[in-house]
Peer 1: 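Can you keep this structure in mind? I'll have questions shortly.
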Amino acid sequence: MDATGIAQREAWLAKTVPPVEQVRPGLWSVPVPMPDNPLRYVLVYAFERPDGIAIIDTGWPTQEAWDALVAGLAAIGASVTDVRATLVTHVHSDHHGLSGRVREASGAWIGMHALEAEVLKQRHDIEAIVRRMYGWVLARGGTDADATALSGTVDELRPWLMLADPDRLIEDGDRPLPELRAVWTPGHTPGHLCYHDDTRGLLFSGDHILPRISPNVSLSSDQPADPLGDFMASLEKAGGLEVGEVLPAHEWRFAGLRERTDDLLRHHEARLAEIRGVLAAWPGATTWHVAEQLTWSRTWPEIQGFIRRSAVGETLAHLARLERLGQVVRGPGPVDAWTLRA
């Protein structure tokens with residue numbers, strides 16, 4: 001796997017935001033910052049159209065991100081008012097957060113997979129979301145203090161959850177732009193879409209395939225029963241595409257799609273093996289306890305807030321995958337208790 005976005009990788013290593021770049025004739029990469037987030041920026045892709053521009057994703061719902069998007073489009077000789085279409089990879093707020101504001105400014109239509117639109121419908125009752133999250137943390141083996149800390153409040157969650165509904169639904173195989181074919185890649189979210197430019201051999205991979213890390217694959221109330229299984233199947237699907245360069249939503253562009261999907265599959269197989277080892281040592285462990293024992297990029301006490309919630313959700317997704325494979329059993333009580341199947 002080779003980095004092709006050299007300036008992007010150098011900026012990543014320098015902990016700065018990369019420049020706006022022309023990737024191909026009529027195609028640009030526009031970085032939009034994500035303050036106080038380890039991913040630091042999302043890469044918006046802008047396509048020149050006969051009547052304006054189309055973009056993939058929009059960025060974080062903050063004024064700083066909006067200003068960066070406006071400035072980035074100006075750098076390529078365009079304006080937000082020129083946007084005619086917004087293709088959403090998935091509805092996480094760093095990708096879909098500014099879509100509504102772009103639509104208000106330009107009249108652009110917003111397109112996403114139907115399952116992402118369903119996720120948005122579930123978010124209208126934020127009080128219910130807070131209650132579900134509180135109960136979810138307790139069911140994983142967290143304490144009352146953990147549940148309070150990780151559930152959030154209505155006021156905290158509202159800006160990140162109340163995002164724009166779509167104007168169009170995009171299904172697997174659709175062509176929202178003549179040069180782009182939608183590729184449904186569930187796992188990170190139920191309706192995650194990649195977009196394949198099959199003429200130029202490009203894959204806009206969203207969060208599905210990143211060059212440095214695996215995206216978070218969590219099991220929560222808005223995910224199906226086996227998101228990790230879906231994610232691994234999606235990696236096999238994407239890895240079979242004819243692609244010369246991958247254009248992800250974070251970090252940097254790279255070549256070597258099949259090598260990267262194989263690497264991600266090996267990573268998750270190793271994680272499943274690590275969890276089996278934890279359960280061999282601690283039969284009956286809760287999801288929370290299993291998560292505490294796993295290898296992370298930082299120590300468990302350093303993992304706080306939404307990152308801790310994501311870590312527990314990812315652990316649960318791996319346990320659910322093992323359960324689906326018949327390798328572990330979950331106890332019948334209200335709090336998770338996992339054991340290896342004899």
Side-chain angles (χ1 to χ4, degrees), residues 115 119 122 132-144 146-147 150-151 184-192 207-209 213-240 260-301 303 306-342:
L115 291 177
V119 169
Q122 297 171 25
R132 284 200 304 270
M133 181 54 65
Y134 188 92
W136 183 90
V137 173
L138 294 180
R140 306 290 77 80
T143 65
D144 285 336
D146 295 323
L150 300 188
S151 298
W184 180 41
T185 49
H188 181 55
T189 66
H192 188 286
D207 279 0
H208 181 55
I209 304 168
I213 61 172
S214 174
N216 180 259
V217 179
S218 290
L219 179 53
S220 57
S221 60
D222 61 0
Q223 278 281 28
D226 184 19
L228 182 61
D230 292 340
F231 177 67
M232 295 175 80
S234 296
L235 286 174
E236 294 282 7
K237 177 181 180 179
R260 184 57 181 147
T261 57
D262 286 347
D263 184 52
L264 288 166
L265 287 165
R266 285 191 295 269
H267 163 77
H268 287 286
E269 290 291 354
R271 190 60 133 187
L272 293 169
E274 185 181 11
I275 289 174
R276 289 194 296 268
V278 170
L279 293 180
W282 284 282
T286 66
T287 301
W288 195 279
H289 182 73
V290 173
E292 289 178 319
Q293 311 310 312
L294 296 178
T295 305
W296 302 99
S297 59
R298 61 192 77 177
T299 67
W300 187 253
I303 299 174
F306 83 93
I307 299 178
R308 175 168 286 199
R309 188 173 64 213
S310 297
V312 174
E314 185 163 311
T315 302
L316 180 60
H318 283 75
L319 286 161
R321 181 66 187 149
L322 291 171
E323 184 180 35
R324 179 64 62 92
L325 294 171
Q327 297 179 16
V328 305
V329 177
R330 184 177 352 200
V335 178
D336 296 342
W338 299 94
T339 56
L340 293 173
R341 184 180 291 276

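All of these numbers come straight from a predicted model, not from anything done at the bench.
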Peer 1: Please name the pair of heavy atoms, one in Thr143 and one in Val137, separated by the smallest distance, quoted to 0.1 Å.
Peer 2: O-CG1, 4.5 Å
Peer 1: Can you tell me how far apart CZ (Arg341) and CG (Leu279) are? Round to the nearest 0.5 Å.
Peer 2: 13.0 Å
Peer 1: Just how far is it from atom CZ of Arg308 to atom CH2 of Trp296, taken to the nearest 0.5 Å?
Peer 2: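 Answer for the CZ-CH2 pair, Arg308 versus Trp296, is 11.0 Å.
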Peer 1: For the pair His289 (side chain) and Gly141 (backbone), establish whether a donor and an acceptor sit closer than 3.5 Å, ignoring hydrogens and angles.
Peer 2: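 The answer is no, because no donor-acceptor pair under 3.5 Å joins these two groups.
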Peer 1: Using every non-hydrogen atom in the two residues, find where Ala317 and Pro227 come nearest and quote the distance to one decimal.
Peer 2: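 Closest pair (atom of Ala317, atom of Pro227, distance): CB-CG, 4.1 Å.
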Peer 1: Restricting to non-hydrogen atoms, name the atom on His188 and the atom on Pro215 that form the minimum distance, rounded to 0.1 Å.
Peer 2: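 Looks like ND1-CB, 3.7 Å.
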Peer 1: With respect to Ile275, which candidate in Leu319, Val328, Thr287 satisfies the side-chain contact (heavy atoms from CB on, under 4.5 Å) definition?
Peer 2: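 Per the side-chain contact (heavy atoms from CB on, under 4.5 Å) rule, the option paired with Ile275 is Leu319, out of Leu319, Val328, Thr287.
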Peer 1: Determine whether Arg271 and Leu294 make a side-chain contact, defined as any pair of heavy atoms from C-beta on separated by less than 4.5 Å.
Peer 2: yes
Peer 1: Roughly how far, to the nearest 0.5 Å, is the CG atom of Asp226 from the CG atom of Leu325?
Peer 2: 7.5 Å
Peer 1: Report yes if the side chains of Met232 and Leu228 come closer than 4.5 Å at any heavy-atom pair, otherwise no.
Peer 2: yes
Peer 1: To the nearest 0.5 angstrom, please state how far the CH2 atom of Trp288 sits from the OG1 atom of Thr315.
Peer 2: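 OG1 of Thr315 is found 10.0 Å from CH2 of Trp288.
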Peer 1: In Å and rounded to the nearest 0.5 Å, what is the OG to CD distance from Ser220 to Glu314?
Peer 2: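 Atom-to-atom, Ser220:OG and Glu314:CD are 12.0 Å apart.
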Peer 1: Are any non-hydrogen side-chain atoms of Arg309 and Met133 less than 4.5 angstrom apart?
Peer 2: yes
Peer 1: Out of curiosity, Glu236 CD to Thr261 OG1, how far, rounded to the nearest 0.5 Å?
Peer 2: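 Spacing of CD (Glu236) from OG1 (Thr261) equals 7.0 Å.
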Peer 1: Does atom CH2 of Trp184 have more than 12 heavy-atom neighbours from other groups under 6.0 Å away?
Peer 2: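 Result for CH2/Trp184: open.
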Peer 1: Classify the side-chain pair Ser234/His208 by whether it contains a donor and acceptor separated by less than 3.5 Å.
Peer 2: no
Peer 1: How far apart are the closest heavy atoms of Leu322 and Arg276, and which atoms are they?
Peer 2: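 Shortest heavy-atom separation between Leu322 and Arg276 comes out as CD2-NH1, 3.6 Å.
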Peer 1: Does any part of the side chain of Asp144, heavy atoms only, come nearer than 4.5 Å to the side chain of Leu138, both counted from C-beta?
Peer 2: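 In contact.
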Peer 1: Do the side chains of Ile307 and Arg298 get nearer than 4.5 Å, heavy atoms only?
Peer 2: yes
Peer 1: Keeping Asn216 on the side-chain end and Ser310 on the backbone end, is there a donor-acceptor pair under 3.5 Å?
Peer 2: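 Checked: pair present.
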Peer 1: Could you tell me if the side chain of Leu316 sits less than 4.5 Å from the side chain of Trp338, heavy atoms only?
Peer 2: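 Trp338 vs Leu316: side chains touch.
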Peer 1: Looking at Glu269 and Arg266, does any basic side-chain N land under 4.0 Å from a carboxylate oxygen?
Peer 2: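 The answer is no: the pair does not qualify as a salt bridge.
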Peer 1: Would you mind reporting whether Leu150 and Trp136 have side-chain heavy atoms less than 4.5 Å apart?
Peer 2: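 The answer is no; the side chains never approach within 4.5 Å.
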